[in-house]
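Computed from heavy atoms alone, side chains included, the values below leave out hydrogens, waters and symmetry copies.
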Amino acid sequence: MSRSHVAKKLLSEKPSSFNESSLCKFISRAGISTIGQSYSSEGNPSLRPRVDYSLFKGKAALAVHPVLPEFKQTDFGVQIERRGGIMLTFWPAIAGQKQKYDWEKKQYFLLSATEVGAMMALGPTESCELFHDPSMKTSLAGQVRKSFSVSPTTDGSGYFFNLNVTNNNLKTSERLFLPVTKAEFAVMRSAFSFILPYVMGWNQLTNPTRSPDTLSTTVGANKQRNAEYTQKPDLEWSR
């Protein structure tokens, strides 16, 4: 399967129902997939591409990409309506087929700015575990619980990423698990450091050339780009 074909497959959008308990094999490929229309030096925000940092391992695949905040126009100016974050999307490998994945089955985990900081602050022997309830503060709270953990490998070669999703309604417990090398984690750490002000919306404050009209265009563009996530009830935003 060509890398361009794999990149196109990264756009499928259905929740995962994969149950995995075996240890991941250290078979990996990493790449950056740029998907979308080209845009001019003026940077028309409605034409910006979606860019993923992707890892393909023996038991699962992972795509990492930023989700920009959404803004709203108020009587007091433009304010953040929905906070951004770093989206982790996991796919299970197809049993018995090397480097092939079930693109119809996936799970999401949206990292907040603080959770991104927790990952960036990890030392070589440290670990962290994050918990999400997508329906927190609603009548559906507790029905679906997600936990994402990052822990060091025993040989010091990198980290393990582990996502667990428990659905009390369906009485299912799903697990996606893959190793991340030191080099791959270093790429993520560097990318997180660069993009963090953007997912927080702080770049809007430090851009003196941004006019109200241009910012209004960005408001609509961000909403359009994030539509694929906001339409899904199992995704987490600011809690």
Closest approach of P69 and V199, non-hydrogen atoms and distance?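 Closest approach of P69 to V199, heavy atoms only: CD-O, 3.5 Å.
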Determine whether the side chains of N169 and Q143 contain a donor N or O and an acceptor N or O closer than 3.5 Å.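 Q143 and N169 do have a side-chain donor-acceptor pair below 3.5 Å.
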Checking side-chain polar atoms at under 3.5 Å, does T153 have a donor or acceptor matched by the opposite partner on D155?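 Yes, a side-chain donor-acceptor pair sits under 3.5 Å.
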Looking at [Y], is its backbone amide N or carbonyl O close enough to the side chain of [X] to form a donor-acceptor pair, meaning the two atoms are under 3.5 Å apart?
X    : Y    : answer
N164 : K146 : no
Q204 : G201 : no
S193 : S190 : no
K59  : A95  : no
N167 : L170 : yes
D133 : S135 : yes
R82  : E70  : no

Got a second to check how far M87's CE is from L110's CG, nearest 0.5 Å?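 Going from the CE atom of M87 to the CG atom of L110 covers 4.5 Å.
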Between CG of L130 and OG of S112, what distance do you get to the nearest 0.5 Å?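 Taking CG in L130 and OG in S112, the distance rounds to 7.5 Å.
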side-chain contact (heavy atoms from CB on, under 4.5 Å) assessment of W91 paired with K105: CA-CA 6 Å; W91 292 268; K105 298 179 180 179; over 6 Å; no
Pairwise side-chain contact, [X] with [Y], heavy-atom cut-off 4.5 Å (strictly under):
X    : Y    : value
V150 : M119 : yes
P152 : S127 : yes
T166 : V144 : no
R145 : F131 : no
F160 : V180 : no
F90  : F148 : yes
V64  : F192 : yes
F71  : E81  : no

Examine [X] and [Y] and state if one hydrophobic cluster contains both, with Ile, Leu, Val, Met, Phe, Trp and Tyr joined whenever side-chain heavy atoms are less than 4.5 Å apart.
X    : Y    : value
L178 : I94  : no
L140 : V165 : no
M188 : Y198 : yes

Ring centres of F109 and H132 under 6.0 Å apart?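 Here the rings of H132 and F109 have centres that are less than 6.0 Å from each other.
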Stepwise side-chain contact (heavy atoms from CB on, under 4.5 Å) test for C128 and L122: CA-CA 8 Å; C128 70; L122 287 177; 4.0 Å; yes
Salt-bridge contact E184-K57 (side-chain N to carboxylate O under 4.0 Å):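 Salt bridge present between E184 and K57.
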Test V67 against I86 for side-chain contact (heavy atoms from CB on, under 4.5 Å), laying out the working first. CA-CA 6 Å; V67 176; I86 301 295; over 6 Å; no
Tell me whether the NZ or CZ atom of R175 lies within the 45° cone about the ring axis of F177 and under 6.0 Å from its centre.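 That pair qualifies as a cation-pi contact.
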Determine whether T89 and L62 satisfy the following criterion, side-chain contact (heavy atoms from CB on, under 4.5 Å), listing intermediate values before the conclusion. CA-CA 6 Å; T89 307; L62 168 67; 5.8 Å; no
